[in-house]
Number of protein chains: 2
Amino acid sequence: MSEGAKTDAIHVAASETAADVREVTRQRVVEAAADLLAREGRDAVTTRAVAAAAGTQPPAIYRLFGDKDGLLEAVVEHGHATFLATKHRDTRPQDPVEDLRAGWDLAVEFGLANPELYALMYSDPRRAMASAAFQAGMQILLGRIRRLAAGGWLRVDETLAAALIHATARGAVLTWLSLPEDQRDPALLTTLRESMVAAVTHERPVVQDAGLADAVRTLQALLPGQTTLSSAEQHLLSEWLDRLAADG
Amino acid sequence: MSEGAKTDAIHVAASETAADVREVTRQRVVEAAADLLAREGRDAVTTRAVAAAAGTQPPAIYRLFGDKDGLLEAVVEHGHATFLATKHRDTRPQDPVEDLRAGWDLAVEFGLANPELYALMYSDPRRAMASAAFQAGMQILLGRIRRLAAGGWLRVDETLAAALIHATARGAVLTWLSLPEDQRDPALLTTLRESMVAAVTHERPVVQDAGLADAVRTLQALLPGQTTLSSAEQHLLSEWLDRLAADG
DNA sequence: CACATCACGATAACATCGATAGCATCAATG
DNA sequence: CATTGATGCTATCGATGTTATCGTGATGTG
């Protein structure tokens with residue numbers, strides 16, 4: 001019996017290591033694909049290139065993932081999982097609205113840091129919801145939203161809140177990435193975030209009475225139509241107005 | 001001489017029709033590709049399938065567009081142009097904030113009606129800004145924003161306003177399309193739109209009724225509190241504002 | 001009008017990629 | 001030990017992007 005138990009244990013251990021080996025190579029292939037995606041773009045992710053980078057052969061990919069789409073799905077899953085890991089870091093029950101902001105920022109920063117992966121994860125409408133790690137992340141998000149609701153902050157449906165958070169984050173990342181680098185204004189991200197907070201919660205945004213900047217903007221828009229000032233004067237005036245708007 | 005003129009005319013007419021023929025087949029190929037894209041998805045857009053649908057041969061695509069990417073770029077351009085056509089419809093100078101809402105709705109509805117085309121046009125960050133028709137649409141949008149600014153409605157930079165409008169629309173379309181049909185809440189779209197309006201405009205115009213003199217007055221009233229400009233600069237600025245107010 | 005030029009239709013071909021077949025090897029199992 | 005099954009490896013097939021090539025008819029020229 002002890003012998004039987006021993007062999008059983010050995011067998012179990014052996015099959016475990018066999019499954020582990022399979023899982024390890026699977027992980028190696030996924031990481032090779034993710035690396036290739038991040039470094040050389042989506043078109044560089046061919047079955048042959050991934051197999052070569054992972055030190056195996058093309059048919060192995062089909063034995064592991066069934067399909068190239070299966071491989072990409074695994075890469076997406078891996079992306080959601082790594083993002084989820086950074087998300088789990090701090091879950092201290094501080095201000096739930098502040099938690100909402102932090103979670104949104106984290107998601108956006110992840111997208112900006114991994115543009116190709118983000119495009120694969122979110123730009124294809126069909127693949128978006130299918131991931132298990134994505135569902136786990138969704139549960140975390142819904143937990144945050146639930147806490148908002150419990151605190152009396154929530155302004156809309158919980159599901160609508162989740163959709164709003166996703167939509168603003170997606171729009172933020174994709175628009176940011178589509179802008180040329182010299183036109184990327186960080187205010188785009190913060191404004192979208194506060195916009196999202198205002199739409200989801202009851203927290204009134206600090207109504208800045210920044211009348212100066214508004215007056216400057218209005219005047220700037222109306223300046224081209226005036227005929228009083230010379231072009232040199234108008235040019236200098238416009239410069240000063242810019243400075244006023246920037247510092248105001 | 002009459003003979004020379006006649007042959008010249010014929011030559012011109014002939015070369016014109018030749019160029020027209022080229023343009024017509026080009027258009028036919030683009031529309032075939034757009035049709036294929038809309039009806040059978042992105043993967044169905046192969047050079048052979050497009051050529052067959054357009055009644056020509058694969059090499060013709062390369063003579064017309066140089067590249068498959070060139071063909072897709074032409075499809076994107078075509079998409080922007082058709083959207084631009086629907087946009088030009090009504091440009092009545094009504095309430096500029098209402099114009100903003102209408103323009104945003106139009107853009108979102110276009111995306112929802114043409115999901116595959118929209119993904120091709122906007123989900124790839126690089127291809128987004130390169131289109132001529134897109135730049136034309138951007139000019140229309142900037143015109144709308146300029147009118148907001150002239151009316152004293154604008155709350156942020158004009159370029160930031162444009163980015164916010166694009167980002168919210170993109171997030172709205174892509175998130176809507178990624179949701180299963182039974183989870184699509186129209187409130188997602190209206191909430192995002194109103195969120196965008198709240199981020200871009202003031203509920204009430206800060207500078208009432210948009211006169212140059214009014215903007216000048218507002219600015220004059222707020223100038224003493226600023227610390228950006230030197231006293232000399234502020235003095236000259238104040239003089240110019242006086243002249244603007246007097247002549248406006 | 002005769003001739004050169006050039007764009008276009010059409011076919012074939014090449015390289016790459018996704019996907020599969022087939023075979024050898026090697027470990028696990030009864 | 002024989003069997004089963006998974007894996008490494010090569011070769012291969014069909015599809016796709018892309019190019020070469022040839023013939024033809026239109027275009028432009030002397």
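Because only heavy atoms are used, hydrogens play no part in the values below, and waters and symmetry mates are left out as well, while side chains stay in. First the proteins, then the strands, lettered A, B, ... as listed; each starts at 1.
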| task | For this output row, return yes or no: ring centroids of H80(A) and Y122(A) closer than 6.0 angstrom. | result |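 Ring centroids of H80(A) and Y122(A) are less than 6.0 Å from each other.
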| Has R22(A) got a side-chain N or O lying under 4.0 Å from the OP1 or OP2 atom of dT7(D)? |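 For dT7(D), OP1/OP2 do have a side-chain N/O of R22(A) under 4.0 Å.
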| request: Pick out which of I165(A), I140(A), V200(A) makes a side-chain contact (heavy atoms from CB on, under 4.5 Å) with I145(A). | output: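 Exactly one pass, corresponding to I165(A).
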Heavy atoms under 4.0 Å, any strand shown: does [X] hit a base, just sugar-phosphate, or nothing?
X: P59(B); value: base
X: V45(A); value: sugar-phosphate
X: T47(B); value: base

| query | Can R170(A) and S178(B) be said to form a side chain to side chain donor-acceptor pair (under 3.5 Å), step by step? | reply | CA-CA 11 Å; R170(A) 232 191 264 213; S178(B) 76; 3.1 Å; yes
Report the distance from atom [atom1] of [X] to atom [atom2] of [N], rounded to the nearest whole Å.
X: L72(A); N: dC17(C); atom1: CG; atom2: P; value: 15 Å
X: E40(A); N: dC17(C); atom1: CD; atom2: P; value: 12 Å
X: Y62(B); N: dT19(D); atom1: OH; atom2: C1'; value: 9 Å
X: R63(B); N: dA7(C); atom1: CZ; atom2: P; value: 10 Å
X: L64(B); N: dT18(D); atom1: CG; atom2: C1'; value: 15 Å
X: R26(B); N: dC8(C); atom1: CZ; atom2: P; value: 12 Å
X: E23(B); N: dA7(C); atom1: CD; atom2: P; value: 16 Å
X: D69(A); N: dC17(C); atom1: CG; atom2: P; value: 18 Å

| query | Would you call N114(A) and L37(A) a side-chain contact if the rule is heavy atoms closer than 4.5 Å? | reply |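 In short, these two side chains do not touch, never coming nearer than 4.5 Å.
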| First encountered from the 5' end of DNA chain C, between T46(A) and A60(B) |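 First, find each residue's nearest nucleotide; the 5'-ward one identifies A60(B).
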| Between dT16(D), dC17(C), dG9(C), which one does the side chain of R48(A) approach most closely? |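 The listed nucleotide nearest to R48(A)'s side chain is dC17(C).
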| said: Please pick, from dA19(C), dA7(C), dT18(D), the nucleotide with the shortest atom-to-atom distance to any side-chain atom of D67(A). | reply: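 Of the candidates, dA19(C) comes closest.
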| request: Return the 5'-most residue of the pair D43(B), T25(A) with respect to DNA chain D, ranking by each residue's nearest nucleotide. | output: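 Whichever sits nearer the 5' end wins; that is T25(A).
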| Take atom CZ in R28(A); do more than 12 heavy atoms of anything else shown fall under 6.0 Å from it? |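 Result for CZ/R28(A): enclosed.
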